[in-house]
Chemist: 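Following this message is one structure expressed as structure tokens.
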Amino acid sequence: MKLSDVLVVKQEKVTGVFRANAKGFGFVKPLDATNRKQDVFIGSRNTLNALDGDEVLVEILHTAEQSKKGADGKIVKITKRATVDTVGTYIPFATKNEAGLLGQVLLYNDKITAALYITSSNAPLLANDVVRVHIDQYPNKKDAQSFRGVITEVIGHQGDVGLDILEVLCAMGIPESFPDEVMEQANAISEAISDEERIGRVDYRDEITYTIDGADSKDLDDAIHIKKLGNGNYELGVHIADVAHYVTEGSPLDEEALSRATSVYVADRVVPMLPERLSNGICSLNEGVERLTQSCVMEISPQGKILSAKINPSIIRTTYRMTYDDVNLMIDKNAEKRAQFSKIKESVEIATELHDILYNMRLTRGAIEFDDAESKIILDDKGVPINIVKRERGVAERMIESFMLAANETVAHHFISHKLPAIYRVHDEPKKEAFAKLIEFAGDLGYSISSPSHQSLEYFMESIQETPEEAVLSTMLLHTMSTALYSEENTHHFGLAANDYTHFTSPIRRYPDLLVHRLLHFYGEIGSSPEQKKEWEEKIPPIAKQSSEMERREVVTERIVDAMKKAEYMTQFIGDSFYGTINGIQKFGIFVQLDNSVEGLIRLNLLKGEQGDRFEFDEDNQVVIGSKSKTTFKMGQPIKVKVIATNKRKGAVDFEHLLTNDKVEQAGK
């Protein structure tokens, strides 16, 4: 029997979790195992005002087979609310409201589209206070389409440094501090390594090991050693902080780490997965001190093939705490830096050589390399953005990435080859509809991309390299990619063209890595009986699900803060003109990215053409065309714009199109 038949014959109604889209519609993922992979589309008229994350009962209207577009249904009951408490900015009403309402709370949560009004407060209030609200009334068909709530806490007042970012963190449910029992456990851990803790560990203290991180990094969880062997092969040691030794299963530290599942990095702060005493102290591989580690020491051929590996609990003493900048200078033969860090001069040369080998090996097998430059928003001591700095990734950054990827693949292969339950990092093939549009768009520009095979993508990426269309086509390809997830099933990693892949190298800031270390300890010390394998098979899926969901929360949070601070930064440039590149086209306007990475919108009515020109969106060709002038705007096109408005809260920048000599400004003309 087909899944669609199960939905209609055995279950005309299913229970699941609603995932809302900001446009009003959404999808429900059924909770029971039989239907779990069959998402049900919910139209905007059939949501019953359910919120993102609500548990709902859905009546199936059409099965996937009947509609040919996937199952759809309507929500008939909200069985459990996901959003009970939320955070926002309080805006008081100027006069007393007839309904007895005090004011409104503005939210960052764009999934809550109805207004939230305040009926009472448990604390004195000022205008623009950031507050925590308990929702006690939800929109429904009988009453007005709005929320009602009670203010339970004032988080901060207007003008407090960093309050805007704190509001976003609180709104996303990211904890501000650790519970007392978690801090008590962290504070009770000894910094000294006992003789008992050294038993059974491979001693790498005499190896020349070093960390390479950003200058402002404090949680150093990976170190390397590297050397050339007599047989011509390379020995690469990747040494990772043994967080699992300190964060024991089921302890308060462990439960809190799992609930967070990841550290969150935003403009001016880090919200760590673990208390700083561990993340920046006991577990951090700081220079010159002994640290407990898990080591993956690989022998690698000159062709980049991993010939053998030893994965063991270990102990190291880091020789140097290196920065990317300093290592890049050493690679560029800077005499001062090579003299300052003379102990690793030869090691860095060998590391650079091995990185080239591993990088070319990955490209040969079909890995997709996206080379977007990162941008960092610089804030002053009052939390105001004063600059946006773009940072190109140098050889040192790429080198560490190569070595961490090698270790991650090696550890994943270890689990697979020994048939041990584990958690994996998986990445599916590109999204079909988006990829079909890319094929058509690339074809119109004269580029061939026949399928999402690694060979076809490799040829495509080579053909667009250093062409005017490279930026736009690379961006479009990136947008076709599926989201990487954590899973108990090793289904492969498409982007890396890797059959086996997991996350092993960042247990200070990612829970899946911590779990991988715990599994390595467990299997190494105890072995695995069928009963123990079954126990882990049951434990891992909910951990994978939680880790994927919290990673999604982290990405959204960082995106909100990034857009908010960029909009705030651009406020000082209202009225100024810039050159940018069109990187998105919609029926309401075109998105333009400036050289400083800020993205803004030109609405269609602000595009310039001939007198009386009306611009329309051609969805099939992904262009905007003027009705009279036939002036065309397309992806990747240079354009001149003026900043006309910003909205910090919405993270939005509005542009107006500028003409030069009555023609669209073209780069280089």
Side-chain angles (χ1 to χ4, degrees), residues 132 153 155-156 161-162 165-166 169-170 172-201 205 211 213-214 216-223 239-266 268-294 313-318 321 504-522 525 543 546-547 550 553-554:
R132 195 180 302 278
E153 178 189 359
I155 294 171
V161 175
I165 294 177
L166 178 60
L169 294 173
C170 291
M172 297 300 293
I174 295 171
E176 306 161 56
S177 58
F178 289 91
D180 290 343
E181 60 179 350
V182 173
M183 293 305 300
E184 288 173 7
Q185 184 184 355
N187 291 331
I189 296 173
S190 172
E191 291 191 34
I193 299 174
S194 67
D195 291 339
E196 184 179 355
E197 289 175 303
R198 299 172 191 272
I199 297 174
R201 292 183 176 270
R205 286 176 296 176
T211 61
D213 294 274
D216 54 355
S217 297
K218 296 178 181 178
D219 48 349
L220 314 178
D221 47 16
D222 57 270
H239 310 278
I240 309 298
D242 191 358
V243 179
H245 175 79
Y246 299 102
V247 181
T248 54
E249 185 180 7
S251 66
L253 265 173
D254 184 49
E255 291 179 356
E256 181 67 15
L258 178 57
S259 72
R260 297 176 180 228
T262 181
S263 296
V264 178
Y265 297 80
V266 290
D268 67 342
R269 70 195 75 185
V270 178
V271 183
M273 185 179 77
L274 299 169
E276 288 188 9
R277 188 165 190 272
L278 290 176
S279 61
N280 296 356
I282 294 171
C283 293
S284 187
L285 307 183
N286 299 327
E287 182 177 318
V289 295
E290 294 184 358
R291 287 288 186 254
L292 301 182
T293 46
Q294 284 268 16
S314 55
I315 185 170
I316 70 167
R317 184 190 293 110
T318 305
R321 184 265 197 257
F504 159 74
T505 56
S506 296
I508 288 177
R509 60 184 179 90
R510 292 189 305 226
Y511 194 87
D513 305 55
L514 193 161
L515 175 61
V516 164
H517 283 226
R518 184 172 293 149
L519 292 171
L520 290 172
H521 274 299
F522 180 83
E525 295 171 0
I543 294 175
Q546 165 72 1
S547 298
M550 292 303 99
R553 181 180 71 171
E554 174 212 8

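All figures in this text were calculated on a predicted structure; none of them were measured in a lab. Numbering starts at 1 and runs along the sequence shown.
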Chemist: Mind checking what makes side chain to side chain donor-acceptor pair (under 3.5 Å) contact with N187, not counting sequence neighbours?
Modeler: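 Side chain to side chain donor-acceptor pair (under 3.5 Å) list for N187, sorted by chain: empty.
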
Chemist: Run the side chain to side chain contact (heavy atoms under 4.5 Å, CB included) test against R260 and tell me which residues pass, sequence neighbours left out.
Modeler: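 R260 satisfies side chain to side chain contact (heavy atoms under 4.5 Å, CB included) with P175, F178, E256, V271, M273 only.
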
Chemist: Going from CD on E181 to CD on E184, what distance comes out if it is rounded to the nearest 0.5 angstrom?
Modeler: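 Here the rounded value is 7.5 Å.
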
Chemist: Mind checking what makes side chain to side chain contact (heavy atoms under 4.5 Å, CB included) contact with L220, not counting sequence neighbours?
Modeler: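 L220: side chain to side chain contact (heavy atoms under 4.5 Å, CB included) contacts with T211, D213, S217, S284, N286, R321.
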
Chemist: Between I193 and L292, is any pair of side-chain heavy atoms under 4.5 Å apart?
Modeler: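 I193 vs L292: side chains touch.
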
Chemist: Determine whether a donor-acceptor pair (N or O, by modelled atom type, separation under 3.5 Å) exists between the side chain of R291 and the backbone of I282.
Modeler: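 Side chain of R291 to backbone of I282: a pair is present.
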
Chemist: Is any side-chain heavy atom of R269 closer than 4.5 Å to one of L166?
Modeler: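 They are in side-chain contact.
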
Chemist: Working to the nearest 0.5 angstrom, can you tell me the gap between H517 NE2 and I240 CD1?
Modeler: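 Going from NE2 on H517 over to CD1 on I240, the span is 6.0 Å.
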
Chemist: Quick one: OG on S279 to CG on L274, what's the gap to the nearest 0.5 Å?
Modeler: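 Here the interatomic distance stands at 6.5 Å.
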
Chemist: Not counting sequence neighbours, which residues clear ring pair (Phe, Tyr, Trp, His ring centres under 6.0 Å) with H239? List them please.
Modeler: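 For H239, the residues satisfying ring pair (Phe, Tyr, Trp, His ring centres under 6.0 Å) (neighbours in sequence not counted) are Y204, H225.
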
Chemist: Heavy atoms, side chains only, cut-off 4.5 Å: are D254 and Y511 in contact?
Modeler: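 They are in side-chain contact.
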
Chemist: Got a sec, which residues hit side chain to side chain donor-acceptor pair (under 3.5 Å) with R317, two or more places apart in sequence or on another chain?
Modeler: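 Partners of R317 by the side chain to side chain donor-acceptor pair (under 3.5 Å) criterion, ordered by chain and then number, come out as E290.
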
Chemist: Please examine the side chains of Y265 and R509, heavy atoms only from C-beta on, and report whether any two atoms are closer than 4.5 Å.
Modeler: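 Touching, per the 4.5 Å side-chain cut-off.
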
Chemist: Is a side-chain N or O of D242 found less than 3.5 angstrom from the main chain of Q294, in a donor-acceptor match?
Modeler: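 The answer is no, because no donor-acceptor pair under 3.5 Å joins these two groups.
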
Chemist: Mind checking the CG-CG spacing from L258 to L253? Nearest 0.5 Å is all I need.
Modeler: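 Rounded to the nearest 0.5 Å, the CG-CG separation comes to 12.5 Å.
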
Chemist: Could you list the residues that satisfy side chain to side chain contact (heavy atoms under 4.5 Å, CB included) with S194, not counting sequence neighbours?
Modeler: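 By the side chain to side chain contact (heavy atoms under 4.5 Å, CB included) rule, S194 matches E196, E197.
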
